[in-house]
Every structure is written in structure tokens, then in C-alpha cells.
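Below is one structure, written out as C-alpha cells; comments come after it.
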Amino acid sequence: MTEIQALIKNWYLENKRDLPWRRTKNPYYIWLSEVILQQTRVAQGKSYFERFVKKYPKIEGLASASEQEVLSMWQGLGYYSRARNLHTTAKYIVKELNSVFPSKHTEILALKGVGEYTAAAIASFAFDQVYAVLDGNVYRVLSRIFNLAIPIDTSEGKKQFIFLANELLDKIQPALFNQAIMEFGALQCVPGKPNCEICTLNIYCEAFKNNTITSLPAKKGKPKIRNRYFVYFVYLDENRETVRLRKKTENDIWKNMFEFPKIEFESVEQMDEFLSDNKNKIRTISTLYKHILSHQHLYAKFIVFSDSLFLNSPDVIEIPVLILNEYPLPRLMERYLEQNRTIFSHQP
DNA sequence: AACCCGGGGTA
DNA sequence: TACCCAGGGTT
């Protein structure tokens, strides 16, 4: 656990961006930046932050501005209730709190427009208090490191992630660590396909080990379906007596079962391109098989191939067609064999 | 728990 | 297109 903490902090110190709100401990500026960055990318919010700071260097200026002016300053950022709440809170702090930004977590959380995430961010960044931030980045990083597939958009899921976030938080340097884990999520542990090969945490990342990166974090709203495209190579010998199989040892579907050697593609287009490029070596080509799994939709074509590609791979074995049924085969393979008994004349 | 709020970047 | 972004408030 502390090893993971250290790796995240070290990664941050090596890779962090130079951002204006990281150069201050002024709670007013921290708060302003956090509200601007709610559901907003750094690249989009940065110039707005700079303009606000220039126009309202102190919270009194923001408080005495008109709401219309504040909304104009916010124009183009979206989620305009943020601007209204920002203005309301500035007036409240100036008038009721004598312009002193509250430092108690419960008081920060009570401010209009400040929720759990923003309260933890302000408490840690401005006041070095031990509160773990939990934003979209942190959900993604935690779900992957611990391979936690519970949906993040449920109350039970949220509870578990809050627990994990507090567990992993560096209690000595909460501000540094909070910045670090978010930056790590924003730059390295990105949505979609992160480059896990170069990630300094990959040896501790359970999702990387289990090949579940792209399906995390899980959400209840819409289950994430991954589309995959396979071309299977059917190597029948001349007498149709043997065929080649490969044992799937990698962390993936159908681990330790057998299938024909295959190439995977990212899209139908890529798959079709490969097939047309090699059509002179293809003796027969199957129809497109669609195979539905809970989290993946597989699209597969089977080709009888007259080239030695794969034949010398160490993990490809030659199997008599007669004993194919002694090997554990995925249902997709089984479906193909059932529909092609004429090709596999030795199949019962 | 479900819904609303937004503009913009990215694959 | 679909997804996601340093989320929060209301119902």
C-alpha cells in the first residue's frame, strides 16, 4: 500500500503539469479553480481561472460584482449554476464570515456549490487536512489498481471507493497525494486504452494483470460492451485428418481452453482489409459469426489458409480431427465445427 | 436513485 | 457516435 503511494507520488513529481492553481495555498483561489474544474477539462478551464483571478484578485471583488457580470465571465464554460453558486458563496463568506474562508471540513462542505469532492480538495490543498478526493480520475485509478468492478454509480459502490480512497491516501502528505492520484488518472491511467506497458504501477495493478483495464471503472448505467474481431486460421492437412489448435494461456476470455490460431483486429474494416489483402492464400472463408458474451461482442471469421503462418509457433499443436472433442473448446469454436461437418469429414 | 445541468475533446 | 471531463443540486 505504501509502495503504491510512493509510486504515485514519484510519478507525479516526474510528470506533473505546471498549473496556476498549484502555485498557491490561498483557499479562495483553490476554491475558484475547483469549481471551474468541476466536470471540466484543465485545458478548457485554465483561461477562465486566469481571467477570474485577474478580474477578482480578492474574494471581496467577486462578492461585490453583479450576478450578471459573473455569468458573463462564465460564458462558454457550461453548467452555469456553478457561477451562480460561486457568486452566492462569495457574498456569504464576505458578509457572514468576515471574508475569512472557512477551514473546517463541515463548514466548507456546507458552502453552495461545494460537494464531497470539492470540500476534500479545498481542505487538503489549502489547509493540508487529511481528506481523500474522489473524482472521475480517482475512481478510474482505484478501480483498476484493485480490479474493483462494482459500479461507481451506486451507493454501495461509492461507499467502497470512499473506503479505498481513504485507505490509500497518504496521511502525511494528503495535498501532494491527492494532486498526484488525480494527475496520474488524467495523464497516465486514462479512459479507453492507457499505455500500461510503460506504467510504473503496472506490477501492482490488478486490472492490468487480469486484462480488465478497458472495462473499468464499471458503471451501472450502460454496461460497457467491447467489440472484438477475430480471424481464425483453420489448418487442415491434405487428408483432413489433423488440425492445429492453440491453448489460450493469456489472461483473457477462455483461459486454458483451445482454439484455432487467430489474429485479432480492432474493427471490421481492419479485419476485411486483412482478408482482401490475403485472398489469394485463402481457400475457403466462413460467414461472419457473431458471439455475444456479457461484456464483449465477438465477430469472427474462419478461413482455411494455405500458408505456413503460425504453423511454427511453439504453442500451436497438431491435433487429429477425430479427437477434437477431447479438447475444451469455446462455444464459438463449437458452433463453427457444427456448421462445417462437411469440411471436417472425420467429425462424428 | 434518477434526473438535470453544457461545452468541448477524443477515439 | 459514444464516452468522458478535477461534480453538485434537486426531486
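Sequence lines set the chain letters: A, B, ... in the order given, protein chains first and strands last, and positions in each chain run from 1.
- No more than 12 heavy-atom neighbours from other residues, nucleotides or ligands sit within 6.0 angstrom of CZ on A:F163.
- Comparing C:dA6 with B:dT10, their P atoms sit 12 Å apart, to the nearest whole Å.
- Within the nucleic acid shown, A:G192 has no heavy atom closer than 4.0 Å to any nucleic acid atom.
- Taking a heavy-atom distance under 4.0 Å as the criterion, the stretch of DNA chain B touched by chain A extends 5' to 3' from B:dA1 to B:dG9.
- In this structure, A:D153 places its CG atom 14 Å from C1' of C:dC4, rounding to the nearest Å.
- A:W21 and A:F49 have perpendicular rings, their planes meeting at more than 60° on a 0 to 90° scale where under 30° would count as parallel.
- Here A:W74 lies out of heavy-atom contact (under 4.0 Å) with every strand.
- Put simply, CG on A:L37 is 11 Å from C1' on C:dG7, counting in whole angstrom units.
- Counting to the nearest Å, the C1' atom of C:dG9 and the CG atom of A:L109 are 13 Å from each other.
- Of the residues in residues 165-186 of chain A, none has a non-hydrogen atom less than 4.0 angstrom from any atom of DNA chain B.
- For A:Y299 and A:Y229, the ring centers are positioned less than 6.0 Å apart.
- Counting non-hydrogen atoms under 4.0 angstrom, A:K112 reaches the backbone sugars and phosphates but no base.
- Taking atom CZ of residue A:R41 and atom C1' of nucleotide C:dG7, one finds them 15 Å apart after rounding to whole Å.
- Applying the 4.0 Å criterion to OP1 and OP2 of C:dG7, one finds that A:Q38 has every side-chain N and O outside that range.
- In this structure, CG of A:N85 is placed 12 Å from C1' of C:dG7, rounded to the nearest angstrom.
- In A:K25, the NZ atom is crowded: over 12 heavy atoms of neighbouring residues, nucleotides or ligands sit closer than 6.0 Å.
- Counting to the nearest Å, the C1' atom of C:dA6 and the CZ atom of A:R82 are 11 Å from each other.
- To the nearest 0.5 angstrom, A:E116 atom CD is 10.0 Å from A:T118 atom OG1.
- Counting any heavy atom pair closer than 4.0 Å across all strands shown, A:V35 reaches no nucleic acid atom.
- With respect to A:Y232, the ring pair (Phe, Tyr, Trp, His ring centres under 6.0 Å) criterion is satisfied by exactly one of A:Y336, A:F265, A:F302: A:F302.
- For B:dG6 and C:dT10, the P atoms lie 14 Å apart once the distance is rounded to whole Å.
- Within the 4.0 angstrom heavy-atom criterion, no nucleotide atom of any strand lies near A:S33.
- Heavy-atom distances to DNA chain C give each of A:G113 and A:R140 a nearest nucleotide, and the one nearer the 5′ end belongs to A:R140.
- In this structure, A:E34 and A:V114 have side chains that are not in contact, with every pair of non-hydrogen atoms separated by 4.5 Å or more.
- The CZ atom of A:F161 sits 6.5 Å away from atom CG of A:L142, with the distance rounded to the nearest 0.5 Å.
- Between A:Y79 and A:W74, the ring center distance fails the sub-6.0 Å criterion.
- A 4.5 Å side-chain heavy-atom check between A:F305 and A:V234 finds every atom pair outside the cut-off.
- When each of A:R84 and A:S155 is assigned the nucleotide of DNA chain B bearing its nearest heavy atom, the one mapping closer to the 5' terminus is A:S155.
- Counting any heavy atom pair closer than 4.0 Å across all strands shown, A:I36 reaches no nucleic acid atom.
- Between A:T118 and C:dA6, a side-chain N or O to OP1/OP2 separation shorter than 4.0 Å is absent.
- Between A:D135 atom CG and C:dA6 atom P there is a gap of 7 Å when expressed in whole angstrom units.
- Whole-Å rounding puts the A:E34 CD to C:dA6 P distance at 11 Å.
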